[in-house]
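What follows is a short report on a single structure.
All values below come from the heavy atoms of this structure, side chains included, with hydrogens, waters and symmetry mates left out.
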Amino acid sequence: KYTGMTAMVGNKVFKITQGAGPLYFVSDDSGQPPAYADLENKPYTVYSQLELTTAKDSTVNEDEEVTIEIPSSAGLIVPDDLDEFVTPDTDDNDHTIERQTRISVT
């Protein structure tokens, strides 16, 4: 299921959630909307979150590799270098593409 989006704007992280129809809400970690200055003229990257669930009576083991094929028609572009920072305004090693791309098994 689709669980929302995260956006790194400049060097700050925001959560984007969809409201009614085309309305979206942007908030910081505390749930507060960002100041205009936090968004104005800043480079940004938006990434989506998906939660995948196994079929009934199926399991995925912790070390098992799962491949998800996304058709090219989806328009997704995979970065060449996962060690790049999420935006040019970021120089925090926790905000590289690789560190911000997570797979978790619950």
Quiz item: Can you list the residues that meet the side chain to side chain donor-acceptor pair (under 3.5 Å) rule with Thr45, with sequence neighbours excluded?
Solution: none
Exercise. Not counting sequence neighbours, which residues clear side chain to side chain contact (heavy atoms under 4.5 Å, CB included) with Asp81? List them please.
Key: Asp83, Glu84
Self-check item: Set of residues satisfying side chain to side chain contact (heavy atoms under 4.5 Å, CB included) with respect to Val13, sequence neighbours excluded
Solution: Thr6, Met8, His95
Quiz item: Okay, side chain of Thr54, backbone of Val60: is any donor-acceptor separation there less than 3.5 Å?
Solution: no
Quiz item: Sequence neighbours excluded, which residues qualify as side chain to side chain contact (heavy atoms under 4.5 Å, CB included) partners of Glu65?
Solution: Thr67
Quiz item: Do you know the tightest heavy-atom contact between Thr87 and Pro43?
Solution: CG2-O, 3.9 Å
Quiz item: Which ILVMFWY residues can you reach from Phe25 by hopping between side chains whose heavy atoms are under 4.5 Å apart?
Solution: Leu23
Practice problem: Before giving the answer on side-chain contact (heavy atoms from CB on, under 4.5 Å), spell out for Asp89 and Lys42 the whole-Å C-alpha distance, their side-chain angles and the decisive distance to 0.1 Å. | Solution: CA-CA 8 Å; Asp89 285 3; Lys42 303 278 194 281; 4.1 Å; yes
I'd like a table of donor-acceptor pairs (distance under 3.5 Å, sequence neighbours excluded) in which one partner is a side-chain atom from residues 29-41, with atom names and distances.
residue : atom : partner : partner atom : Å
Ser30   : OG   : Asp28   : OD1          : 2.7
Asp38   : OD1  : Lys12   : NZ           : 2.8
Asp38   : OD2  : Ala35   : N            : 3.3

Practice problem: For Thr96 and Asn93, work out which heavy atoms get closest and say how close. | Solution: CG2-O, 3.6 Å
Quiz prompt | 4.5 Å side-chain heavy-atom contact, Tyr24 and Thr17 | solution = no
